[in-house]
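This is the structure, below, for whatever I ask next.
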Protein chains: 2
Amino acid sequence: MKNTDKREEIMRAALELIAEHGFHGAPMAMIADKAGVGAGTIYRYFEGKDALITELYRELEGKLLAYLQEGYSAADPTRERFLHVGAAVLRYFIASPLHFLYMEQYMNSPFGIALKRDRLLGQSDEGDLFFKSIFEEGMAQKVLKELPIFVHFALTFGPLIVLIRDHILGLISLDDARIMQITEASWDGVKR
Amino acid sequence: MKNTDKREEIMRAALELIAEHGFHGAPMAMIADKAGVGAGTIYRYFEGKDALITELYRELEGKLLAYLQEGYSAADPTRERFLHVGAAVLRYFIASPLHFLYMEQYMNSPFGIALKRDRLLGQSDEGDLFFKSIFEEGMAQKVLKELPIFVHFALTFGPLIVLIRDHILGLISLDDARIMQITEASWDGVKR
DNA sequence: CGCGACAGAATGAACGTTCGTTCTCGTATA
DNA sequence: TATACGAGAACGAACGTTCATTCTGTCGCG
């Protein structure tokens with residue numbers, strides 16, 4: 001159990017520092033300090049900085065997907081499922097701003113670009129399938145516009161990403177009512 | 001005129017290297033090499049790396065705004081103006097992918113966050129006013145949803161940003177027909 | 001006593017920036 | 001026109017700093 005303890009402390013420290021100061025503003029020595037371990041200890045748990053960064057991303061992504069599944073029923077109508085997922089994304093990241101800042105940085109870095117490329121070219125994993133099914137069934141039932149999946153993705157998540165960032169930076173404030181407005185407006189963008 | 005030559009060579013080199021490899025993947029020595037000047041020469045034209053980065057951003061932003069104004073008429077109906085600007089943004093960045101990659105990186109860095117904060121808190125400059133007027137007049141005429149300006153911003157530009165990046169990374173391909181579809185879908189998101 | 005886990009000092013590479021030197025070219029002089 | 005000069009422009013080696021990673025000695029537990 002000791003192993004797990006230190007490992008988690010390191011990841012927690014890395015999350016906070018990288019989310020707030022970026023990959024290049026979070027030296028290994030600083031992460032070690034914040035985690036309460038020696039600099040060399042990190043290398044007992046992770047192969048190097050890159051491995052630490054990637055493993056942390058995978059963990060955060062897992063947590064997000066788990067949250068999105070809560071209260072989600074594949075039997076619901078397309079519109080309900082869309083609104084559920086959209087609002088859940090907003091709520092999750094507003095509650096966990098560090099997760100958002102970290103995941104966004106990862107996605108905008110060479111790491112994320114490689115990951116995205118892999119997923120688009122190779123077979124998609126569970127996370128992608130989860131979203132894809134909403135759009136595909138929606139189009140089959142003629143309630144969604146006939147558009148490529150990636151356009152639906154962009155119309156749905158593009159606005160959310162911008163708004164979450166602005167909220168986290170303190171430029172604006174999103175409450176529950178506004179979350180509903182936003183999710184419904186983005187539904188208007190994809191619906192027929 | 002010689003002065004201008006070197007200065008522009010430096011900016012061109014910085015644009016290419018930073019757009020492709022990021023701020024931290026483009027050392028001053030590499031920028032100097034690509035520009036065909038000595039490393040020290042850069043410091044005759046720019047106070048330091050930060051100043052170079054910021055001045056380059058300002059220049060690119062100016063070019064984008066100039067392009068958006070082409071063929072734009074404040075007298076047109078809200079819908080026409082919206083579609084004009086949306087399609088123009090897509091076309092501009094597809095034609096100038098380096099500009100997009102650079103501006104996006106800048107916006108996702110401490111530089112851009114500070115800039116955004118300044119603009120939201122201080123008085124907005126011409127660029128902001130240009131967009132704002134479309135949304136404000138649209139709401140006054142009851143053709144747009146009654147939403148805060150920043151939500152309109154996000155609904156409009158959020159999808160475009162995601163799609164432009166995917167296009168530039170070669171994950172998807174946007175032709176003229178698709179550009180129209182996308183712009184109109186994003187109009188559906190903001191219209192009443 | 002022995003061994004694995006650990007902290008922190010040591011290492012070497014890479015970076016932004018500085019600075020002494022060299023080059024360029026317009027002007028003054030005869 | 002030919003020559004000498006000087007000032008500003010340019011170069012690139014060198015510096016100090018910062019970083020990821022490795023090395024080394026120590027401590028605690030069985």
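Below, chains carry the letters A, B, ... as their sequence lines are ordered, and counting in each starts from 1.
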> Separation of I42(B) atom CD1 from dT17(C) atom P, in whole Å?
Replying inline: 10 Å
>> Run L147(A) and L155(A) through side chain to side chain contact (heavy atoms under 4.5 Å, CB included) and show every step you take.
In response: CA-CA 11 Å; L147(A) 291 169; L155(A) 288 167; 4.0 Å; yes
>> Once you measure the plane-to-plane angle for H24(A) and H24(B), does it fall in the parallel (<30°), tilted (30-60°) or perpendicular (>60°) bin?
In response: parallel
> Which residues, if any, of residues 10-18 of chain B bring a heavy atom under 4.0 Å of DNA chain D?
Replying inline: none
> Which residues in residues 24-32 of chain B have at least one heavy atom lying under 4.0 Å from any atom of DNA chain C?
Replying inline: P27(B), M28(B)
> Between dT22(D) atom P and F46(A) atom CZ, what is the distance in whole Å?
Replying inline: 16 Å
>> Nearest to the side chain of Y45(B), heavy atoms from C-beta on, is which of dA10(D), dA9(D), dC6(C)?
In response: dA10(D)
>> Tell me the closest heavy-atom pair linking R81(B) and S133(B), and the distance in Å.
In response: NH1-OG, 4.2 Å
> Passes salt bridge (charged side-chain N to carboxylate O under 4.0 Å, His left out), E9(B) versus R12(B)? Steps please.
Replying inline: CA-CA 5 Å; E9(B) 272 311 302; R12(B) 227 172 45 79; 3.3 Å; yes
> What integer distance in Å separates H21(A):NE2 from dC19(D):C1'?
Replying inline: 17 Å
>> Filter on salt bridge (charged side-chain N to carboxylate O under 4.0 Å, His left out), then keep only pairs touching residues 155-164 of chain A, sequence neighbours left out; what's left?
In response: none
> Taking DNA chain C as the partner, which of residues 103-110 of chain A come within under 4.0 angstrom of it by heavy atom?
Replying inline: none
> Starting at CG of D50(B) and ending at P of dG16(C), how long is that distance when rounded to a whole Å?
Replying inline: 10 Å
> Looking at residues at least two apart in the chain, or sitting in another chain, which of them share a ring-ring contact (aromatic ring centres under 6.0 Å, His included) with F150(A)?
Replying inline: none
>> Could you work out, with ring-ring contact (aromatic ring centres under 6.0 Å, His included) as the rule, every residue matching H167(B), not counting sequence neighbours?
In response: none
> Quick one: Y43(A) OH to dC19(D) P, roughly how many Å, whole number?
Replying inline: 12 Å
> Between R44(A) (CZ) and dC23(D) (P), how many Å, whole number?
Replying inline: 14 Å
> Which residue pairs satisfy the side-chain hydrogen bond (donor to acceptor under 3.5 Å, both in side chains) criterion with at least one member in residues 34-43 of chain A, sequence neighbours excluded?
Replying inline: E16(A)-K34(A)
> Does R44(B) reach the side chain of I10(B), with side-chain heavy atoms less than 4.5 Å apart?
Replying inline: no
Within the sub-3.5 Å range, which N or O atoms of nucleotides 7-12 of chain C have a protein N or O partner, and how far apart are they?
residue: dA7(C); atom: OP2; partner: G38(A); partner atom: N; Å: 2.8
residue: dA7(C); atom: OP2; partner: T41(A); partner atom: OG1; Å: 2.4
residue: dA7(C); atom: O5'; partner: G38(A); partner atom: N; Å: 3.4
residue: dG8(C); atom: O6; partner: G40(A); partner atom: N; Å: 3.4

> Run the salt bridge (charged side-chain N to carboxylate O under 4.0 Å, His left out) check on R7(B) and E59(B) step by step: do they pass?
Replying inline: CA-CA 13 Å; R7(B) 197 187 145 92; E59(B) 185 171 303; 5.7 Å; no
> Listed by chain and number, what are the ring-ring contact (aromatic ring centres under 6.0 Å, His included) partners of F93(B), not counting sequence neighbours?
Replying inline: F100(B)
> Does Y67(B) have any ring-ring contact (aromatic ring centres under 6.0 Å, His included) partners at least two apart in sequence or in another chain, and if so, which?
Replying inline: Y92(B)
>> With a 4.5 Å cut-off on side-chain heavy atoms, are H152(A) and I134(A) touching?
In response: no
Short heteroatom pairs, N/O only, protein and nucleotides 26-28 of chain D, under 3.5 Å:
none

> Aromatic rings Y106(B) and Y102(B): how do their planes relate, parallel, tilted or perpendicular, breaks at 30° and 60°?
Replying inline: parallel
Side-chain polar contacts of residues 182-192 of chain B - donor-acceptor pairs under 3.5 angstrom, sequence neighbours left out - could you list them?
residue: T183(B); atom: OG1; partner: I179(B); partner atom: O; Å: 2.6
residue: D188(B); atom: OD1; partner: K191(B); partner atom: NZ; Å: 3.1
residue: D188(B); atom: OD2; partner: K145(A); partner atom: NZ; Å: 2.8
residue: R192(B); atom: NE; partner: K142(B); partner atom: O; Å: 3.2
residue: R192(B); atom: NE; partner: L144(B); partner atom: O; Å: 3.2

